[in-house]
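Below you'll find the structure, written out as structure tokens, and then a few comments.
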Amino acid sequence: ATTGGGTPQAGGGSDLIKVGFSQLGAESGWRTANTESVKFNLTKENGFDLTFVDAQQKQENQIKALRDFIDQGVDVIAFSPVIETGWDEVLQDIKDAEIPVVLVDRTVDTTVADPFVTWIGADFTKEGVTAGEWVKANHPDAKIFELQGTMGSGAQTNRQEGFRSIVGDNVIGEASGNFTRAEGKAATEAALAAYPDMDLIFAHNDDMGLGAIEAIEATGKKPGVDIKIVTVDGVKDGLQALVDKKFNYVVECNPAFGDQLAELIKKVAAGEQVEKSTIVVDEAFDQTITQEFVDSRTF
Ligand code: GYE
């Protein structure tokens with residue numbers, strides 16, 4: 001409740017902005033850092049009454065959380081959709097309840113008109129292109145295995161599309177590792193057997209690349225040398241692997257945009273005009289980064 005000039009509002013009793021945030025999970029270092037950044041910025045001191053719910057990478061959990069937010073009559077709903085489709089009904093219900101939606105990180109594909117007020121996240125297609133261009137310039141004959149993120153997520157479909165627009169002809173195999181270290185390892189074990197001549201892995205995130213390192217080392221091969229590894233995210237563990245020369249190239253995807261999110265939510269709650277999208281700016285790193293740089297990384 002933001003209006004009323006200090007008069008207590010029904011149910012709220014304060015001028016804090018009631019925000020329901022549905023996080024999709026805790027699958028990766030990126031996600032953990034993103035959650036920390038959200039919680040660090042959406043505090044009472046900053047004017048927010050945050051309800052945070054982790055969906056454990058299950059869409060049904062997310063839909064339930066969103067319905068609970070409608071029932072609670074929050075001022076703003078923010079959510080990171082685990083996959084792109086399947087939101088039509090709940091988005092329509094949120095719209096009917098006249099609760100503004102701020103889409104965070106991943107994207108939706110829906111038939112609902114104007115399903116969200118604003119979206120903040122990274123340009124996943126560009127991340128894939130950046131990775132592809134590095135491969136094309138440095139390993140033009142690479143035989144690539146693509147370790148995909150959660151199938152049907154914006155981060156997977158768009159990174160794949162961007163990457164393949166540059167080096168699609170070099171991709172000899174693909175499998176999903178669901179953005180987790182354990183599944184990335186398992187998928188790489190299977191790939192090492194199925195595609196013995198693969199010599200480069202493009203992993204859609206650091207965690208799956210870190211799982212791939214374990215699988216490669218278990219066969220006696222050298223990650224970063226016998227099998228090159230290119231990833232996306234640039235969380236501390238990923239950059240450490242780059243300094244250790246087990247990763248070859250990392251395209252950044254910065255998770256620490258909770259401050260920008262807080263500003264957006266404030267404006268949306270106040271009914272102010274906001275940009276339809278906010279792109280979080282990313283860099284890319286190769287093996288020339290220093291240990292000091294990695295040590296100073298905050299996520
Ligand atoms: O790259 C990955 C996480 O949606 C950008 O999700 C996010 C991705 C991120 O699991 O590590």
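Start at 1 and go down the list; that is how both ligands and their atoms are numbered.
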Exercise. Under 30°, 30 to 60°, or over 60°: which ring-plane class applies to Phe285 and Phe293, parallel, tilted or perpendicular?
Worked result: tilted
Exercise. Cation-pi between Lys39 and Phe48: NZ/CZ under 6.0 Å from ring centre and within 45° of the ring axis?
Worked result: no
Exercise. Just checking, is any N or O donor in the side chain of Gln62 or Ser22 under 3.5 Å from an acceptor N or O on the other one?
Worked result: yes
Exercise. Do Asn205 and ligand 1 have an N or O pair less than 3.5 Å apart?
Worked result: yes
Exercise. Are Thr110 and Asp88 linked by a side-chain donor-acceptor pair shorter than 3.5 Å?
Worked result: yes
Seminar exercise, completed: ligand 1 to Phe179, heavy atom cutoff 4.0 Å, flagged ligand atoms 2 (C), 10 (O)
Exercise. Can you find an N/O atom of Ser28 closer than 3.5 Å to an N/O atom of ligand 1?
Worked result: yes
Problem set entry | Contact atoms of ligand 1, heavy-atom distance to Arg106 under 4.0 Å | 3 (C), 4 (O), 6 (O), 8 (C), 10 (O)
Exercise. Testing Lys185, Lys221, Arg181 for salt bridge (charged side-chain N to carboxylate O under 4.0 Å, His left out) with Glu214, which one passes?
Worked result: Lys185
Problem set entry | Shortest protein contact, atom 5 (C) of ligand 1 (heavy atom only) | Asp105 OD1, 3.2 Å
For this session: Output the list of atoms in ligand 1 that are nearer than 4.0 Å to some heavy atom of Cys253, sorted by atom number.
Result: 5 (C)
Exercise. For atom 10 (O) of ligand 1, which protein heavy atom lies nearest, and how many Å away is it?
Worked result: Glu27 OE2, 2.4 Å
Exercise. Do we see a donor-acceptor contact under 3.5 Å between the side chains of Thr35 and Gln23?
Worked result: yes
Problem set entry | For Phe124, the ligand 1 atoms whose distance to one of its heavy atoms is below 4.0 Å | 5 (C)
For this session: Look at the side-chain heavy atoms of Ile, Leu, Val, Met, Phe, Trp and Tyr, link any pair under 4.5 Å apart, and say whether Val251 and Val235 land in one connected group.
Result: no
Exercise. Of the protein's non-hydrogen atoms, which lies at the shortest distance from atom 1 (O) of ligand 1, and what is that distance?
Worked result: Asp233 OD1, 2.6 Å
Exercise. Which is it for Arg159 and ligand 1 at heavy atoms under 4.0 Å: side chain, backbone, both or neither?
Worked result: side chain
